[in-house]
Amino acid sequence: MRVLYLDLDTLRPDHLGCYGYHRNTSPNIDEIAEEGIRFENYYCSDAPCLPSRTAMMTGQFGIHNGVVNHAGEAAELRGEGFNRDFRSRLSKESLPGFLRESGLNTVSFSPFAERHGSWSFYAGFNEIHNTGKYGMESAEDITPQVMDWLERNGEEDNWFLHLNYWDAHTPYRAPEDFGNPFKDSPLPEWYNQKLIDKHRELVGPHKPREISMYDNKVDPKYPRHPGEIENMDDLRQLIDGYDCGIKYLDEHLGKIFSALKDKKIFEDLIIIISADHGENMGELGIYGEHGTADHATCRIPMIIRWPEGSKGIVDKNFHYQLDLAPTLAELLDEEAPEIWDGKSYANTILNGEDSGRDQLIISQCAHVCQRSVRFGNWLYMRTYHDGYHLFPKEMLYNVKNDPYEQNNLAEKHPELCKEGAYRLQNWHDEMMMTMPGNYKVDPMQTVLNEGGPYHARGHLKEYIEYLKETNREDAIPELKKRHPGEFE
């Protein structure tokens with residue numbers, strides 16, 4: 001058995017051809033989707049990067065493994081304490097550790113562990129190839145190393161190869177000589193100047209006047225990434241930059257697929273294509289960031305080609321990213337560790353059967369503190385720290401009719417907000433009752449006690465000065481009211 005897991009950072013599904021995108025961004029990914037299963041409602045449980053990959057690799061929600069932030073106490077995996085054995089449980093109960101125990105040679109090409117100081121990410125891998133640029137690499141930095149490994153090891157049996165590409169992550173960085181294959185391609189139809197003008201009145205990181213987070217500065221090293229969006233041309237620069245990153249990495253995936261075909265191992269290869277999170281591109285007025293617990297940030301692609309499984313199927317059921325671990329366990333006819341929070345959907349892969357969930361709880365504590373629940377066509381969002389966006393406490397979106405989250409229906413449907421709040425509370429109670437070890441504190445509360453999410457705390461004073469420069473002083477009193485601790 002050979003497994004290729006393509007971990008494509010910041011890849012939102014609706015910018016892929018196989019998910020209906022009108023631009024030809026992903027022909028090689030699309031080819032795999034035609035030969036396997038494409039999942040429509042697949043979400044990371046915890047966003048963004050560090051919480052998401054920690055949940056995937058540990059098989060646990062962030063509320064259980066403790067990692068929900070990008071810094072501070074809640075960026076550290078919870079220790080096992082007195083019950084820790086000679087080796088950490090991760091050596092066998094992390095996803096790569098489990099696969100290694102099942103007989104696979106586990107290999108990773110990724111800078112992720114060093115980028116986030118997440119050394120637990122290495123647990124269970126036999127081979128670790130740090131691509132060396134802390135997540136700032138482009139595909140041309142990664143592919144030659146992978147091709148070399150395949151030349152030396154590809155024909156061996158029983159390997160799990162994790163490849164991590166970053167080209168869709170900010171700053172958008174496709175090489176200049178790649179050009180712009182989308183310069184004459186229309187933008188998605190929902191964008192217009194009126195929308196930009198409306199969003200320019202909003203406040204908060206990565207709004208149109210502060211694409212770089214808290215101001216409109218640009219880095220000349222990344223000409224595809226604007227500092228501000230004033231008009232449709234600026235918006236095109238951002239969208240084209242993102243799509244060029246996807247197209248560029250897809251071409252590199254094509255090179256890897258060709259090498260695998262040349263070695264006659266492509267046909268029987270298991271291929272999994274996914275991401276750690278998506279990207280807001282106008283949703284909630286945010287551009288070029290993955291900073292909320294919403295449909296745009298937390299929905300991710302999942303494409304699985306299992307040679308002996310179903311082909312050409314679109315699964316619309318609800319699944320978490322951390323459901324992959326128990327799914328692989330069942331497919332390998334192995335018993336999943338009890339500590340995993342996931343639910344197997346192996347029957348979907350093998351027989352096309354429904355095996356989804358009735359709801360999904362998604363969380364974000366690195367840019368804001370939010371928890372949301374996806375049920376039916378609805379997304380109910382609850383904000384505990386607004387990350388200076390001045391979000392209301394409750395938001396409600398019909399993601400079927402309004403996938404770009406432009407119409408908050410919370411006031412119109414209080415009964416659905418009550419249902420959403422009830423679902424969140426029930427989930428929270430269940431998580432706290434099943435907290436591993438002696439831990440009794442919700443890590444989101446730890447983040448709030450520290451002063452808020454990492455990417456927000458400590459920036460308000462400087463941001464207020466920028467709001468004055470951009471004639472948005474009206475928002476300052478409310479920001480001071482909500483965040484008095486930053487002015488003490």
Side-chain angles (χ1 to χ4, degrees), residues 46-51 68-72 74-75 170-171 195-218 226-229 238 277 279-294 296-298 362-372 381-395 397 405-406 408 410 444-488:
D46 298 86
C49 319
L50 177 58
V68 298
N69 200 0
H70 271 173
T170 55
L195 181 74
I196 293 173
D197 292 341
K198 176 183 176 182
H199 287 170
R200 282 177 61 82
E201 297 303 313
L202 300 175
V203 301
H206 301 285
K207 295 299 198 307
R209 295 192 184 189
E210 47 272 289
I211 294 297
S212 64
M213 191 170 282
Y214 292 108
D215 55 42
N216 62 352
K217 294 178 182 178
V218 297
E228 184 170 358
I229 298 175
L238 188 78
H277 51 71
E279 185 87 315
N280 284 60
M281 283 292 188
E283 293 84 1
L284 306 178
I286 299 170
Y287 293 81
E289 189 52 280
H290 29 271
T292 46
D294 70 330
T297 286
C298 295
I362 52 180
S363 301
Q364 161 81 242
C365 291
H367 293 264
V368 299
C369 286
Q370 289 178 333
R371 284 204 176 116
S372 307
M381 302 178 63
R382 197 167 186 93
T383 298
Y384 305 90
H385 188 295
D386 67 1
Y388 315 142
H389 290 280
L390 295 183
F391 290 135
K393 181 175 71 173
E394 295 183 305
M395 293 182 281
Y397 296 98
E405 302 165 356
Q406 299 302 303
N408 179 10
M444 184 173 73
Q445 188 61 53
T446 300
V447 175
L448 293 170
N449 292 345
E450 290 177 340
Y454 170 70
H455 294 291
R457 71 172 185 258
H459 293 281
L460 186 52
K461 287 184 178 180
E462 64 179 271
Y463 184 49
I464 280 179
E465 294 305 311
Y466 184 71
L467 291 179
K468 292 176 181 177
E469 293 176 19
T470 53
N471 300 313
R472 289 176 288 172
E473 296 95 335
D474 290 350
I476 295 175
E478 182 63 21
L479 285 168
K480 289 184 175 181
K481 178 182 177 182
R482 293 194 187 192
H483 306 285
E486 300 228 16
F487 295 91
E488 295 176 355

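Atom-to-atom distance recorded for Leu238:CG and Ile211:CD1 is 6.0 Å, nearest 0.5 angstrom. Considering CZ of Arg457 and NE2 of His455, their distance stands at 10.0 Å, rounded to 0.5 Å. Rounding to the nearest 0.5 angstrom, the gap separating the CE atom in Met381 from the CG atom in Leu284 is 5.5 Å. To the nearest 0.5 angstrom, Ile286 atom CD1 is 9.0 Å from Glu405 atom CD.
Shown here for Val218 and Gly227, the closest heavy-atom pair between the two residues is CG1-N, 3.2 Å. Nearest approach of Gly291 to Val368, heavy atoms of both residues: O-CG2, 3.4 Å. Shortest non-hydrogen contact noted between Ala293 and Cys298 is CA-SG, 3.9 Å. Listed here is the closest heavy atom pair of Val203 and Leu390: CG2-CD1, 3.7 Å. Between Tyr287 and Pro208, the shortest heavy-atom distance links the atoms CE1-CG, 3.6 Å.
Tested against Gln370, the residues Asp294, Thr297, Thr383 include a single side-chain hydrogen bond (donor to acceptor under 3.5 Å, both in side chains) partner, Thr383. Lys207 pairs in a side-chain hydrogen bond (donor to acceptor under 3.5 Å, both in side chains) with only one of the listed residues (Glu289, His389, His199, Glu228), which is His389.
When the side chain to side chain donor-acceptor pair (under 3.5 Å) test is applied to His385, no partner is found at least two apart in sequence or on another chain. For Asn408, there are no side chain to side chain donor-acceptor pair (under 3.5 Å) partners at least two apart in sequence or on another chain. Remark: His290 engages His169, His277 in a ring-ring contact (aromatic ring centres under 6.0 Å, His included) (not counting sequence neighbours). Taking the ring-ring contact (aromatic ring centres under 6.0 Å, His included) definition, one finds that His206 meets it with nothing, sequence neighbours left out. For the side chain to side chain donor-acceptor pair (under 3.5 Å) test, residues two or more places apart in sequence or in another chain that qualify with His459 are Glu462.
Side-chain contact check for His70 versus Pro48: some heavy-atom pair is nearer than 4.5 Å. Put simply, the side chain of Gln364 does not reach to within 4.5 Å of the side chain of Pro51, judged on heavy atoms.
We find that Arg209 and Glu201 are joined by a salt bridge, their nearest charged nitrogen and carboxylate oxygen being less than 4.0 Å apart.
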List the steps and the verdict of side-chain contact (heavy atoms from CB on, under 4.5 Å) for Asn216 and Thr470. CA-CA 10 Å; Asn216 62 352; Thr470 53; over 6 Å; no
Could you go through the side-chain contact (heavy atoms from CB on, under 4.5 Å) check for Val447 and Tyr384 one step at a time? CA-CA 10 Å; Val447 175; Tyr384 305 90; over 6 Å; no
Under the side-chain contact (heavy atoms from CB on, under 4.5 Å) rule, what do Arg371 and Arg382 come out as? Steps first, then yes or no, please. CA-CA 6 Å; Arg371 284 204 176 116; Arg382 197 167 186 93; 5.6 Å; no
Apply the test side-chain contact (heavy atoms from CB on, under 4.5 Å) to residues Leu448 and Cys369: give CA-CA distance (whole Å), side-chain angles for both, the deciding distance (0.1 Å), then the verdict. CA-CA 8 Å; Leu448 293 170; Cys369 286; 3.8 Å; yes
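The salt bridge (charged side-chain N to carboxylate O under 4.0 Å, His left out) pairs that include a residue from residues 467-477 are Glu210-Arg472, Glu465-Lys468, where partners are two or more places apart or lie in different chains.
Between the side chain of Arg200 and the backbone N or O of Ile229, at least one donor-acceptor pair lies under 3.5 Å. Of the possible donor and acceptor atoms, none in the side chain of Glu486 sits under 3.5 Å from a partner among the backbone N and O of Gly451. With hydrogens and angles ignored, the 3.5 Å screen pairs a side-chain donor or acceptor of Asp386 with a backbone N or O of Tyr388. Distance alone, capped at 3.5 Å, places no donor-acceptor pair between the Asn69 side chain and the Ala74 backbone.
Taking the six-membered ring where tryptophan is involved, the planes of Tyr463 and Tyr214 are perpendicular, since the angle between them exceeds 60° and thus also 30°.
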